[in-house]
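Presented below is the structure to which this report refers.
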Amino acid sequence: MRVAASFEIEYLQYLDADGRMVADLPATAPPPDEVLALFKQMLFLRAFDGKAVALQRTGKLGTYAPCLGHEATQIGIGATMRPEDVLAPSYREYGAQILRGVRLREILMYWGGDERGNDFQNARHDFPWAVPIATQCLHAAGAALAFKLRGEPRVAVTCCGDGGSSKTDTYAAINAAGAYTLPFVQCIINNGWAISVPRSAQTGAQTLAQKGLAGGLHCLQVDGNDLFAVLEGMRRAMERARAGEGGSVIEFMTYRLHDHTTADDARRYRDEAEVKEAWTRDPVTRLRTWLGGQGLWDEAREKDWLAECARLVDIEIDAYLDTKTQPPEVMFDYLYADLPPDILEQRAQLLALEGRA
Amino acid sequence: MRVAASFEIEYLQYLDADGRMVADLPATAPPPDEVLALFKQMLFLRAFDGKAVALQRTGKLGTYAPCLGHEATQIGIGATMRPEDVLAPSYREYGAQILRGVRLREILMYWGGDERGNDFQNARHDFPWAVPIATQCLHAAGAALAFKLRGEPRVAVTCCGDGGSSKTDTYAAINAAGAYTLPFVQCIINNGWAISVPRSAQTGAQTLAQKGLAGGLHCLQVDGNDLFAVLEGMRRAMERARAGEGGSVIEFMTYRLHDHTTADDARRYRDEAEVKEAWTRDPVTRLRTWLGGQGLWDEAREKDWLAECARLVDIEIDAYLDTKTQPPEVMFDYLYADLPPDILEQRAQLLALEGRA
Amino acid sequence: MKTAVDRSKIDPADAPAGKAITLIEAVTQALAWEMRHDDSVVVLGEDVGVNGGVFRATAGLQQQFGPMRVLDTPLDETTIAGLTVGMAAMGMKPVAEAQFDGFIYPMLDHIICHAARFRYRTRGRLTCPMVLRVPWGGGIRAPEHHSEANEAMFTNVPGLRVVLPSSPARAYGLLLAAIREPDPVIYFEPKRIYRQYKELVPDDGEALPLDVCYVLRDGSDVTLVTWGAQVKETLEAAERLAEEGISAEVIDVATLKPLDFATIAESVAKTGRCVIVHEAPRTAGFGAEIAARLAEHSMYDLVAPVERVTGYDTHMPLFRLEMKYMPSVDKVVAAAKRTVANS
Amino acid sequence: MKTAVDRSKIDPADAPAGKAITLIEAVTQALAWEMRHDDSVVVLGEDVGVNGGVFRATAGLQQQFGPMRVLDTPLDETTIAGLTVGMAAMGMKPVAEAQFDGFIYPMLDHIICHAARFRYRTRGRLTCPMVLRVPWGGGIRAPEHHSEANEAMFTNVPGLRVVLPSSPARAYGLLLAAIREPDPVIYFEPKRIYRQYKELVPDDGEALPLDVCYVLRDGSDVTLVTWGAQVKETLEAAERLAEEGISAEVIDVATLKPLDFATIAESVAKTGRCVIVHEAPRTAGFGAEIAARLAEHSMYDLVAPVERVTGYDTHMPLFRLEMKYMPSVDKVVAAAKRTVANS
Ligand SMILES: Cc1ncc(C[n+]2csc(CCOP(=O)(O)OP(=O)(O)O)c2C)c(N)n1
Ligand SMILES: Cc1ncc(C[n+]2csc(CCOP(=O)(O)OP(=O)(O)O)c2C)c(N)n1
Ligand SMILES: [Mg+2]
Ligand SMILES: [Mg+2]
């Protein structure tokens, strides 16, 4: 048999579900104190996420997409990026966004039905949340192309889900990244479900990582619940990108521990046993175990930190709750750089109706 | 290194560019007389193609997309299909279509600006020519899904070009075929060019066959100028499909010996030397050499057959040229099963303008 | 021309056995009826299977008809549209669901270039008997892209039919008709009123015509023309106008393409005034076509300028402000009064 | 409000050095000017590089500016649209080419959901200064899908600008303006008249306003409103009408969105009659919006019903019959005469 091409896709895992190191950490792994700092961010993220769900349940937030279970993946992605890089997230990657400076009140404003949530006060050049699945992947490829054309040493990182990996935009982004050798990293967050559709129904591909082969990209599958594996996988991809070697596709194996959104009821389609089993692979627990083993973490420290998280989150929630609804005429703001006359007329009509003509 | 997945893509070639058998023919290869019959179809196709170009050059046909150089691929694809299978071609696969019963006059009518060209009198269930690149691939996947749902032992075969392999529809078709394990064969006719854009600019993938890995399909690369390889590659894919084992992607390595269409001038972007070199890999010449070596073909037989081809082609051309332009009101025919009143009114207006109210 | 039987006016006493259901239950009921009676009908879309659709329009159908009749698709709208066209061309009757109005754009290529053209292109050899169901419009406090009124873009495309019911009975009858129709139908469902009220909808398999407007209220001073969720506000406006002595006729267009303009023209011939109400942005919304036909055919009937009460020419704002964007009872009443004052 | 300087009316003697060029050469000239003066402008699309575009609109640009400024893309319109949005958001000014009008549908999702919304969505933080160039319309005896007049669907989308020039000078000035515009512009090019005639177009970098209609001929009896390739037939119709003693004013809309309705209304106030001419199918074509605004704002000026002379509500037939599909001088003349007779 003559072989036209052959491929191998590596799987990365260092810290197993029980918090045991199952492989030698690479030399590039961050020192324990940095790992500790990231672990604290994971706890912070989880604290925020739980409060956001609670806000929705009490009618103070619109539909919200929780990130419970995705903490290692999201924090690992965010931690590997530089400020000048650009992130094109889906609607769920708060962890990566927080590390890039997005404020909790902005997340809440967005899901609270206020446009200003997307006007990130930091992370000014990051892409906004993208609701139409995977369209952000092509925007990231476009950003990467801009970086390449302008000779800027920046990388565009984008995330989509296992469902999003079926979307034609994701394929297009992978193809473009390969065709132009772009500084582009496609993160596929495989959390097992796309609302009610399991990963197995999305595609016949054995891995989602191999979708990168379609565009000739570097492909990698990593344990997305293992912060070390996430950091190493991202490091490799970012370095390749910065070195001009082109794009990567990384599949992060994680799990959606929550319903899809607060508008969803996963019990309709998902076995509780599966969720229970998934909890045994929780990214937070295993890292806590490991840090504990290193003498870097214990119950007391956790209690203190969780209290601090609660305090910090509450400040942001209060800021969100204190944010007044905008006057309706803002629906005309930023429609165009210069509003055409007939739009100005409609704006005037709205003001008249509001008794503020 | 832990391996998540690994893949090998086979390359098939039996008859090399010089007409030498470089590998043992599979037991399933057709007997020489059948090969001879297919060779004659290749010559017939080439004869038609040349005449069609000439028709366009003399103003008797609209823009036409020649298939010069694609004969082995097209005839091989058509020969492997059964009547009840369905073909969803691009705009160029006349060879496969002819074997399925599409008449030359229909091809000419389509490119001659007459809708009736798509009303195939045979091949009633095959898809029409598809101008929007690669959209036919998804229609084939939809057809394959229909076959599967109805339990019919039929296969949907579709073709797109190397350019078309970048189109999101192709990726979507591959993904759907994998997700549903469909009786689907995606032929990628890699003729080196998509109008002026070379294969290398379409994608970073080493092969186009590997695009199938993105959907978990069976992937194969074959020498598309070697009829034996085309037949064997297609046979494998069709058998897998019929056996319920799912879809395949086959990349046929061939070359576009002509301009893209009669509206194109390839000298603007393509080196003449490349075309010259490609002629040394011509599918017709190599098979003629081999058949000659088998004592099955010689100059005299070729002369006779070409005369017969000319006769047959001319009958069709005459039928095409004799076809009267339809009256303009046919633009309302088949718009809906039942024409709504306001459309009937517009039809009446048209007739009035034509003085036939 | 077919005539409209307004099933919402069936006297419950005369009706075959049935129960009072919501608009979305009427959708489910129609799907189930047609699947029972026609094996070639299949339902496909994201989450339509076990989950029964994010709005529950397909609830129970997979359990009832199995996974070969009710198919979850991979998460890609291009895929859904392309598969649907291919299946339809092979003689099935696929009913595809777009999960939300804001996600239909990747479907347009297959709808416009293929679904709308297969019959025409092949001179009747292959056809495309498909339905695309689209939960439509705003007002449910949903996230971005979940609240779009984008029906107008389909109305300039030859070969399509566009339907937008506004009551449980019309949802049932029009969906049956859409599935039975041998040509592609875009079937928008006003999600804001999915569960607004119940009415008796006998499950009798009776379809409604696909090219008929419904006169929901007779009047003599002004014609209010609308469709979808805005039917509610428009009827309320008519009520308010009546209190002020203005008699408003209310027409639910229901089938936008082909348009039953005759019913509208007849009404305007009587009233001399017309207010068109729709949720989509004003400019080049489908209201423009109705106003244009009035300008062509009803010029001498009109005693006052036509008015359009529509969404503004801006994006649907996030949910805090969405109701400020949309036509309201007040806006319709004001416009109707202007037509009376201006004449 | 900006005022229109109709560059086609510049007296050659007064004009800066320039040469007589066709509409498509004017496109090339504008692209080259702007690329010379703004490094952030890049051109991308299928075959736009070495080949200079299938219509030669980008001929010579890659040679002049290199492959980092003029990029061939993989064959996928979704890709082109998505990359364009991403590049624009990062501060470039991409000018994307759709090879033909019939292939734009896969671009709509990124145009509608993202290009048109980035400024709005991010409250001005990210913007989308892009141009999509689309060779537009029929009449060149091309294959299927190469002859579509699909401008209307963009006009219902907030946040977009839609431009459709009809002369070399307007093509030049409007393309410069489109590229400089900080918001997304869909720029249709009437391919039937790409090479119809030449006119002097000084290469002076002078842009034209993006929201102004052009009165191409003054008249007092009827206003003929049109755009794109139909400007030619409409002007010829005006000529023919003049021979019969009917004075027709001809307006080239040129910028459909935002619409300069004031110029149209002013003309109709004078003439009392209006014929709208466009190539797209009639129903819900952009002519509907113009007729609707007349029905709203010019009711008391109109002395005759508005007329629309348009493509029929069917598909553009294959090329043998395409000219039978389109508006013709005869059809325009007949409609104009009806408006005169009917009043
Ligand atoms: C284009 C489009 N189609 C459908 C939806 C509705 N929708 C929202 S999230 C979702 C599932 C996404 O699954 P996945 O990509 O795995 O991401 P996850 O939510 O699991 O993180 C769907 C279908 C959408 N937002 N966009
Ligand atoms: C969606 C779409 N975009 C662009 C085109 C214009 N076009 C026609 S053929 C072609 C190149 C096709 O190349 P390839 O797929 O390699 O097929 P080939 O013509 O070489 O057989 C292009 C860009 C088209 N027909 N459809
Ligand atoms: Mg998921
Ligand atoms: Mg090719």
Stepwise side chain to side chain contact (heavy atoms under 4.5 Å, CB included) check, Leu71(C) with Leu145(B): CA-CA 11 Å; Leu71(C) 288 88; Leu145(B) 182 52; 3.8 Å; yes
Derivation of the side chain to side chain contact (heavy atoms under 4.5 Å, CB included) call for Asn175(B) and Thr79(C): CA-CA 9 Å; Asn175(B) 195 71; Thr79(C) 301; 5.8 Å; no
Any chance you could lay out the side chain to side chain contact (heavy atoms under 4.5 Å, CB included) test for Leu126(C) and His139(B), step after step, and finish with the verdict? CA-CA 12 Å; Leu126(C) 298 181; His139(B) 303 161; over 6 Å; no
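Using a 4.5 Å cut-off between heavy atoms, Ala123(B) contacts chain C through its backbone alone, with no side-chain atom that close. Both the backbone and the side chain of Val330(B) come within less than 4.5 Å of a heavy atom in chain C. Phe147(B) touches chain C through its side chain: at least one heavy atom from C-beta onward sits under 4.5 Å away, while N, CA, C and O do not. Looking at Pro158(C), the atoms closer than 4.5 Å to chain B (heavy atoms on both sides) sit in the backbone and in the side chain alike. Residue Phe261(C) does not touch chain B at all, counting heavy-atom pairs closer than 4.5 Å. Using a 4.5 Å cut-off between heavy atoms, Thr127(C) makes no contact with chain B at all.
Contact check for Lys257(C) versus Pro340(B): no side-chain heavy atoms found under the 4.5 Å cut-off. With contacts defined as side-chain heavy-atom distances shorter than 4.5 Å, the pair Asp333(B)/Arg123(C) qualifies. Within the 4.5 Å cutoff, no side-chain heavy atoms of Tyr334(B) are placed close to those of Arg121(C). Side-chain contact between Ile343(B) and Pro258(C): absent, with no pair of heavy atoms (C-beta onward) separated by less than 4.5 Å. Within the 4.5 Å cutoff, no side-chain heavy atoms of Gln136(B) are placed close to those of His114(C).
Comparing Thr73(C), Asp76(C), Thr84(C) by heavy-atom pairs within less than 4.5 Å of chain B, the highest count is held by Thr73(C). Your options are Leu160(C), Leu83(C), Leu259(C), and the one with the most heavy-atom pairs under 4.5 Å with chain B is Leu83(C). Annotation: maximal heavy-atom pairing with chain B below 4.5 Å, among His110(C), Arg117(C), Met68(C), occurs at His110(C).
With values rounded to the nearest 0.5 angstrom, Arg125(C) atom CZ is found 9.5 Å from His125(B) atom NE2. Atom-to-atom distance recorded for Tyr336(B):OH and Arg161(C):CZ is 6.5 Å, nearest 0.5 angstrom. How far NZ of Lys167(B) is from CG of Asp109(C): 5.5 Å, rounded to the nearest 0.5 Å. Between the CG atom in Asn118(B) and the CZ atom in Phe118(C) there is a gap of 9.0 Å [rounded to 0.5 Å].
For Glu266(C), the CD atom counts as loosely surrounded, since its 6.0 Å shell holds 12 or fewer non-hydrogen atoms of other residues, nucleotides or ligands.
For the pair Ala89(C) and Phe127(B), the tightest heavy-atom approach, listed with the atom from each and the gap, is CB-CE2, 3.6 Å. Contact between Asp169(B) and Thr78(C) at its shortest, heavy atoms only, is OD2-CG2, 3.7 Å. Between Pro74(C) and Tyr180(B), the shortest heavy-atom contact is CD-OH, 3.7 Å. Annotation for Met90(C) and Ala143(B): closest pair CG-CB, 3.5 Å, computed over non-hydrogen atoms. The minimum heavy-atom distance linking Ala337(B) with Asp183(C) is given by the pair N-OD2, 2.6 Å. Leu335(B) and Gly159(C) make their closest contact through CD1-N, 3.7 Å (heavy atoms, listed as atom of the first residue, atom of the second, distance).
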